[in-house]
Chemist: 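Pasting in a structure now, in structure tokens, and then I'll have a few things to ask.
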Amino acid sequence: MAAGGGAERYFTRWYKPDVKGRPCEDFCVLQHSNRICVITLAEAHPLLQSGKTIKSVNYQISANCSRLQNKVSGKSKRGAQFLTELAPLCRISSSDGEEYTVYSCIRGRLIEVNENILSNPAILQEKPSTEGYIAVVLPKFEESKSVTQGLLTQKEYGEVLLKRLNSSS
């Protein structure tokens, strides 16, 4: 998707700042008009700040759970892993030794993970809201309106960023 193209026209941006109380670990949920949600890193996430290099992306959440094992079939998306708001999607390691966990931020079924970022983690930083997305989640139909409760609009997120800027200066 070209910047300012389809992503802006068909998707509404929602933000989840400071996930699990971790300052600046912000995520963006791009909600499509067909209710599918794309989970990405928000602009202010530490991994998108200059000087960070992403070393690796790991979808292995625990000994028994890998998001890569998610096998979805058919119209009803059978076999999809069910996620809660705080379900970890992947862990990202940066070259400075930091590790960040990316969370779903919404409830729904995991439709797909972006396997391209495994071999080319740099696209997470180069194109975070398009090719560098982390996962696609489909909320339950009856929850598709309420799934964004607790998330911030682009304007509200802008205010959070402004507050951060003012408190750090």
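All values below come from the heavy atoms of this structure, side chains included, with hydrogens, waters and symmetry mates left out. On a predicted model such as this, the values are computed, not experimentally measured, just so you know.
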Chemist: Keeping to residues at least two apart or across chains, list the salt bridge (Lys or Arg N to Asp or Glu O under 4.0 Å) pairs with something in residues 42-53.
Modeler: Lys52-Asp96

Chemist: Return the OG to CD1 distance between Ser93 and Ile54, rounded to the nearest 0.5 Å.
Modeler: 9.5 Å

Chemist: Linking I/L/V/M/F/W/Y whenever any side-chain heavy atoms sit under 4.5 Å apart, do Leu110 and Trp14 land together?
Modeler: yes

Chemist: Can you see whether Asn70 engages Tyr59 through a side-chain donor-acceptor pair at a distance of less than 3.5 angstrom?
Modeler: no

Chemist: Does Val136 belong to the same Ile/Leu/Val/Met/Phe/Trp/Tyr cluster as Val29, with side-chain heavy atoms less than 4.5 Å apart forming each link?
Modeler: no

Chemist: If you compare all heavy atoms of Leu89 against all heavy atoms of Ala135, which two are closest, and at what distance to 0.1 Å?
Modeler: CD1-CB, 4.0 Å

Chemist: With heavy-atom distances below 4.5 Å as the criterion, would you say the side chains of Leu47 and Ser94 are in contact?
Modeler: yes

Chemist: Is there a path from Tyr15 to Tyr100 through hydrophobic residues (I, L, V, M, F, W, Y) whose side chains come within less than 4.5 Å of each other?
Modeler: no

Chemist: If I compare all heavy atoms of Gln125 with all of Pro128, which pair ends up nearest, and what's the gap?
Modeler: O-CD, 3.5 Å

Chemist: For the CD1 atom of Ile61 and the OG atom of Ser66, what is their distance to the nearest 0.5 Å?
Modeler: 7.5 Å

Chemist: Quick one: CG on Leu161 to CG on Asp26, what's the gap to the nearest 0.5 Å?
Modeler: 6.5 Å

Chemist: If you take all heavy atoms of Gln31 and Cys37, which pair is closest and at what distance?
Modeler: CG-SG, 3.7 Å

Chemist: Using modelled atom types and a 3.5 Å cut-off, is there a donor and acceptor pairing between side-chain atoms of Gln69 and backbone atoms of Cys65?
Modeler: no

Chemist: What I want to find out is whether Glu25 reaches Lys20 closely enough, with some N-O distance under 4.0 Å, to be called a salt bridge.
Modeler: no

Chemist: Got Arg35 and Phe141 here, is their nearest side-chain heavy-atom distance under 4.5 Å?
Modeler: yes

Chemist: Looking only at side chains, do Arg13 and Thr153 share a donor and an acceptor under 3.5 Å apart?
Modeler: no

Chemist: Enter the distance from Phe82:CZ to Lys140:NZ here, rounded to the nearest 0.5 Å.
Modeler: 5.0 Å

Chemist: If I take atom OG from residue Ser104 and atom CD1 from residue Ile134, how far apart are they, to the nearest 0.5 angstrom?
Modeler: 11.0 Å

Chemist: Taking the inter-plane angle between the rings of His32 and Tyr10 on a 0 to 90° scale, is it parallel (under 30°), tilted (30 to 60°) or perpendicular (over 60°)?
Modeler: parallel

Chemist: Among the clusters formed by ILVMFWY side chains lying less than 4.5 Å apart, do Leu86 and Leu41 turn up in the same one?
Modeler: yes

Chemist: Please examine the side chains of Ile106 and Ile39, heavy atoms only from C-beta on, and report whether any two atoms are closer than 4.5 Å.
Modeler: yes

Chemist: Look at Glu159 together with Lys155 and state whether they make a salt bridge at an N to O cut-off of under 4.0 Å.
Modeler: yes

Chemist: Taking the side chain as C-beta and beyond, is there a heavy-atom pair between Ile36 and Leu30 under 4.5 Å?
Modeler: no

Chemist: What pair of heavy atoms forms the shortest contact from Ile111 to Val72, and how long is it?
Modeler: O-CG2, 3.6 Å

Chemist: What I'd like to find out is whether the side chain of Leu118 reaches to under 4.5 Å of the side chain of Asn58, using heavy atoms alone.
Modeler: no

Chemist: Any chance you could measure Ile117, atom CD1, to Glu131, atom CD, to the nearest 0.5 Å?
Modeler: 12.0 Å

Chemist: Which atom names give the shortest non-hydrogen contact between Cys105 and Leu151, and what distance separates them?
Modeler: O-CD2, 4.1 Å

Chemist: Among Val147, Val38, Leu83, find the residue that satisfies the side chain to side chain contact (heavy atoms under 4.5 Å, CB included) test when tested with Val137.
Modeler: Leu83

Chemist: Could you check whether Tyr133 and Glu112, counting side-chain N and O atoms only, form a donor-acceptor pair closer than 3.5 Å?
Modeler: yes

Chemist: Quick one: do the Arg109 and Gln81 side chains pair a donor with an acceptor below 3.5 Å?
Modeler: no

Chemist: Identify the heavy atoms of Thr101 and Phe27 that sit nearest to each other, and give their distance.
Modeler: O-CZ, 3.4 Å

